[in-house]
Amino acid sequence: MRGLKDKVVIVTGGGGGIGGATCRRFAEEGAKVAVFDINRAAAEATAAAIAAAAGAARAFACDITDHAGVLAAVAAAEAELGPVGVLVNNAGWDVFRLFKDSTPEEWQKLIAINLVGALNMHHAVLPGMIARKAGRIVNIASDAARVGSTGEAVYAACKAGLVGFSKTLAREHARHGITVNVVCPGPTATTLFESYKQGAGSPEKLEEAFRRAVPMGRIGTPEDLPGAILFFASDDAAYITGQVLSVSGGLTMVG
Ligand SMILES: NC(=O)c1ccc[n+]([C@@H]2O[C@H](COP(=O)([O-])OP(=O)(O)OC[C@H]3O[C@@H](n4cnc5c(N)ncnc54)[C@H](O)[C@@H]3O)[C@@H](O)[C@H]2O)c1
């Protein structure tokens, strides 16, 4: 894809399933990847895999819910790799629980990771992007934001909030040469999906129900996501902002 070579890219949750696949794909395109994750070992594993394939990556331990920590981690990434050209807000967390059974403590954790974390990251990179009049931001939401999903009420609220936030920032910063777009995965085989299924009580049944609901008849893989994410980050998407794209085998079709 055009325009990604030598770009400095931050991917949050880069130690996880979708984040790891996205980091590796950016590196294949010649980008310099800052792998952000609260799990230092996972971030380092992704960076090491990229280095082993002759790519450029550095790992940064960062809890996206901590505003001061995010500012420090972004500054460290810029000092090592250069000004950030692309931000992918991918870190996320979920737990399967009917809303009536959930607790305020759980809501706080869900909101902190899935919504406030992305706000912190935007806050850290936007001043530089505005000054340089260039930037690409891709936010990873979920099909749950678009159509709802049983057992994920607060998570869906956060992800829908992220969609509204992204559209607003797309408007506020179009004149600064910054685009903000959203990718919505459907059920995708990662650690997060596995723990979500376990929380539902009968994981096999839930997975089968998802599989039946997806027109393509299969659960996604992490490698299904980077194509759409890198497209929004590339020069090929220069005239596209404020858009939401589902990557979910046809599960969600929005006109
Ligand atoms: N897997 C799915 O079925 C699915 C469906 C829809 C949306 N998503 C979204 O895709 C994104 C990636 O999820 P995944 O499925 O690859 O999950 P994953 O669990 O494999 O990866 C998530 C990563 O985020 C990191 N993380 C969690 N909290 C953090 C924090 N406070 N600060 C920094 N990093 C943190 C974790 O350590 C982990 O490495 C998430 O935003 C998720 O909500 C996933």
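Treat the numbers as computed from the prediction; the structure is a model and nothing was measured. Atoms within a ligand are numbered from 1 in the order they appear, just like the ligands themselves. As a basis for the values below, the full set of heavy atoms in this structure was taken, side chains included, without hydrogen atoms, waters or symmetry mates.
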### Task
Classify the angle between the aromatic ring planes of Phe210 and Tyr196 as parallel (below 30°), tilted (30 to 60°) or perpendicular (above 60°).
tilted
### Message
Which residue and atom name correspond to the protein heavy atom nearest atom 41 (O) of ligand 1, and how close is it?
### Response
Asn90 O, 2.7 Å
### Query
Does some non-hydrogen atom of Ala141 fall short of 4.0 Å from ligand 1?
yes
### Query
Between the candidates Ala42, Gly92, Pro187, Gly186, which shows the shortest non-hydrogen contact distance to atom 4 (C) of ligand 1?
Gly186
### Message
Holding to side-chain contact (heavy atoms from CB on, under 4.5 Å), I want the full list of residues that pass it with Ala42, two or more places apart in sequence or in another chain.
### Response
Asn39
### Query
For Thr12, is the nearest heavy atom under 4.0 Å from an atom of ligand 1?
no
### Query
Nearest protein heavy-atom contact for atom 24 (O) of ligand 1: which residue, which atom, what distance?
Gly13 CA, 3.5 Å
### Query
What protein heavy atom sits nearest atom 16 (O) of ligand 1, and how far off is it?
Ile18 N, 2.8 Å
#### Entry: Atoms of ligand 1, numbered as shown, that sit under 4.0 Å from any heavy atom of Gly16
20 (O), 21 (O), 39 (O)
### Any Ile140 heavy atom less than 4.0 Å from ligand 1
yes
### Query
Tell me, which pairs form a salt bridge (Lys or Arg N to Asp or Glu O under 4.0 Å) where one or both residues lie in residues 211-224, sequence neighbours left out?
Arg24-Glu223, Glu207-Arg211, Glu208-Arg211, Glu208-Arg212, Arg218-Asp224
### Query
What residue and atom, counting heavy atoms only, is the protein's closest point to atom 39 (O) of ligand 1, and at what distance?
Asp37 OD2, 2.6 Å
#### Entry: Residues Glu29, Lys5: salt bridge by 4.0 Å N-O rule
no
### Per-residue contact class, Tyr155 against ligand 1 - non-hydrogen pairs under 4.0 Å
side chain
### Message
Is the contact between Cys62 and ligand 1 made by the side chain, the backbone, both, or neither, using heavy atoms and a 4.0 Å cut-off?
### Response
backbone
